[in-house]
**Student:** 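I'd like to ask some things about the structure below.
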2 protein chains.
Amino acid sequence: MAVKKSKRDELVEVAQKLFYQHGFRITGIDTILEHSGVAKRTLYNHFKSKDELVVAALNKRDLEFMAMIKKYVAKFEKQQEGDPKYARILAYFDALSEWFNSDKFNGCMFINASAEYPRKTDPIHVVCENHKRLVLQYISELISEIKLREPDEVALQLSLLSDGAIVCAHTTNMLNAAEIAKTTAMLVLNAYRT
Amino acid sequence: MAVKKSKRDELVEVAQKLFYQHGFRITGIDTILEHSGVAKRTLYNHFKSKDELVVAALNKRDLEFMAMIKKYVAKFEKQQEGDPKYARILAYFDALSEWFNSDKFNGCMFINASAEYPRKTDPIHVVCENHKRLVLQYISELISEIKLREPDEVALQLSLLSDGAIVCAHTTNMLNAAEIAKTTAMLVLNAYRT
DNA sequence: TTAAAAGTACACCGAACAGTATACACAACA
DNA sequence: TGTTGTGTATACTGTTCGGTGTACTTTTAA
């Protein structure tokens, strides 16, 4: 039985999809209303401005993205060879690959948003910054069981690889970017092994 | 003595700066005209549409970016320690660092453009793809004197690191991203050494 | 000198933009 | 029953958007 969604949730869901697929500034309020079948007044009863809706969409995306990645990591973790301590972090790069090859892939929504809202103090830009921090934290967790010389430094390097792969896959359509990043990641992990 | 610029060049120069600093869709034709002091009719005598101006701005940026990077690489090449064969590629990451810390830094203009024009067939998106390919080729050159087991694979890994650093520096304002990437790069080069 | 090329000013177009006003419908709940 | 909260439709605001039409001026080069 389908859970009845509030109008607010419907708006955020539709907005998130359109923003991700086509961009933020190019997607008008009216387009979102058409796709969601909600009245304009209702939108502005829930959100003070388009920017607020953008923030809500990004926050929703943040939750869904983390859930997706964690699901894939759990799935690919079992398929890793070698030392089981490394299974989770290596599965992360397989998770990226799965994401890149999905038909809806259009880069990282937060990197895209940062490009369209470059002012560092802009609430939208701040949300993106926070998301990236969250991913870094997650990567830290994934390597926490491995005994490494400088775990924080390693996490940063892997996070950088992750972003590089995402951008590469998006702008140059190089869908094997995740595998390349995975290769580098193994190198890094090996180098910092105690 | 200053070289007299054509109106076309003036337009492209102003457009490039505004697009890079604020974004593409947010920057209107009228704003570009105000900043350049050129008549609207003149713009549309040189360009069929705003999109054509965007492409011209990106092509100019492509030239200037490569020139900037090459200049910095030449500068930092001399300051590298260790095997001189590695000097150029390591200088590349110092070049990135210099760029990140300049006051005009606002991420990679081509990554930003890809975000705003996501359609893979869009001429604007294609220009971005070509730029990334050019950078990859340049990285290949930088490592060409080093004897490596799989130079193409290494170039891809380093290019990925480069993009990761750029994005990281832009969205999370982590200005030492280039140093982190450099550390990883040294790891990669070491691993593929013959 | 003269004629073409390039640039200007300015009014204008229809469409889209974010956001508001108003009046009405429907549901829940007390 | 009455009230309150939520959503609806529709029209409208003022502004900006990309782009055009036209008539005039300036520059350039044969």
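Per chain, numbering begins at 1; letters A, B, ... match sequence-line order.
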**Student:** By nearest heavy atom, map B:R8 and B:K40 onto DNA chain C; which one lands nearer the 5' end?
**Tutor:**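 Of the two residues, B:R8 wins.
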
**Student:** Take B:D163 and B:K132 through the test salt bridge (Lys or Arg N to Asp or Glu O under 4.0 Å) and record every step on the way to the result.
**Tutor:** CA-CA 9 Å; B:D163 279 341; B:K132 286 296 169 198; 2.8 Å; yes

**Student:** Rounded to whole Å, how long is the line connecting atom CG of B:N45 with atom C1' of C:dA9?
**Tutor:**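 Rounded to whole Å, this separation is 14 Å.
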
**Student:** Only one of B:N176, B:D94, B:L96, B:L161 clears side-chain contact (heavy atoms from CB on, under 4.5 Å) with B:K182; which?
**Tutor:**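 By the side-chain contact (heavy atoms from CB on, under 4.5 Å) criterion, B:K182 pairs with just one of B:N176, B:D94, B:L96, B:L161: B:D94.
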
**Student:** Within this structure, what is the CG-to-P distance between B:L33 and C:dC10, rounded to whole angstrom?
**Tutor:**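 After rounding, the reported distance stands at 14 Å.
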
**Student:** Output yes when a side-chain donor or acceptor of B:S97 lies under 3.5 Å from a complementary backbone atom of B:F93, and no otherwise.
**Tutor:**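 Such a contact is absent between B:S97 side chain and B:F93 backbone.
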
**Student:** Closest to the A:R41 side chain: D:dG18, C:dA9, C:dA21?
**Tutor:**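 Nearest nucleotide to the side chain: C:dA21.
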
**Student:** Looking only at side-chain N and O atoms, does B:K7 come under 4.0 Å of OP1 or OP2 in C:dG7?
**Tutor:** no

**Student:** Within this structure, what is the CG-to-P distance between B:L18 and D:dG18, rounded to whole angstrom?
**Tutor:** 12 Å

**Student:** Going by an N to O cut-off under 4.0 Å, is there a salt bridge joining B:K60 and B:D9?
**Tutor:** no

**Student:** When you get a sec, tell me which of D:dG18, C:dC17, D:dA9 is the closest nucleotide to the side chain of A:D30?
**Tutor:** C:dC17

**Student:** Could you give the CG-to-P distance, from A:L43 to C:dT20, as a whole number of Å?
**Tutor:** 11 Å

**Student:** If I take atom CD1 in residue A:I29 and atom P in nucleotide D:dT13, what distance separates them, rounded to the nearest angstrom?
**Tutor:** 20 Å

**Student:** Test of understanding: clusters of I, L, V, M, F, W, Y form through side-chain heavy atoms closer than 4.5 Å, transitively. Do B:F110 and A:I26 belong to the same one?
**Tutor:**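 No; tracing contacts between hydrophobic side chains, which count when under 4.5 Å, never links both residues.
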
**Student:** Please check the phosphate of C:dA6 (OP1 and OP2 only) for any side-chain N or O of B:H46 closer than 4.0 Å.
**Tutor:** no

**Student:** Within this structure, what is the CZ-to-P distance between B:F47 and D:dT20, rounded to whole angstrom?
**Tutor:**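 From B:F47 CZ to D:dT20 P: 15 Å.
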
**Student:** From D:dG19, C:dT22, C:dT8, pick the nucleotide closest to the side chain of B:A39?
**Tutor:** C:dT8

**Student:** I want to verify a distance call: between C:dT22, C:dG19, D:dG19, whose nearest atom is closest to the A:Y44 side chain?
**Tutor:** C:dG19

**Student:** Quick one: which of D:dG19, D:dG7, C:dA21 gets closest to the side chain of A:T42?
**Tutor:**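 In terms of side-chain proximity for A:T42, the closest of D:dG19, D:dG7, C:dA21 is D:dG7.
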
**Student:** In terms of the nearest nucleotide of DNA chain C, which residue is placed more toward the 5' end: A:K48 or A:T31?
**Tutor:**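 First, find each residue's nearest nucleotide; the 5'-ward one identifies A:T31.
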
**Student:** Rounded to whole angstrom units, what separation is found between the CD atom of A:E52 and the C1' atom of C:dG19?
**Tutor:** 13 Å

**Student:** Could you give the NZ-to-P distance, from B:K50 to D:dT20, as a whole number of Å?
**Tutor:** 15 Å

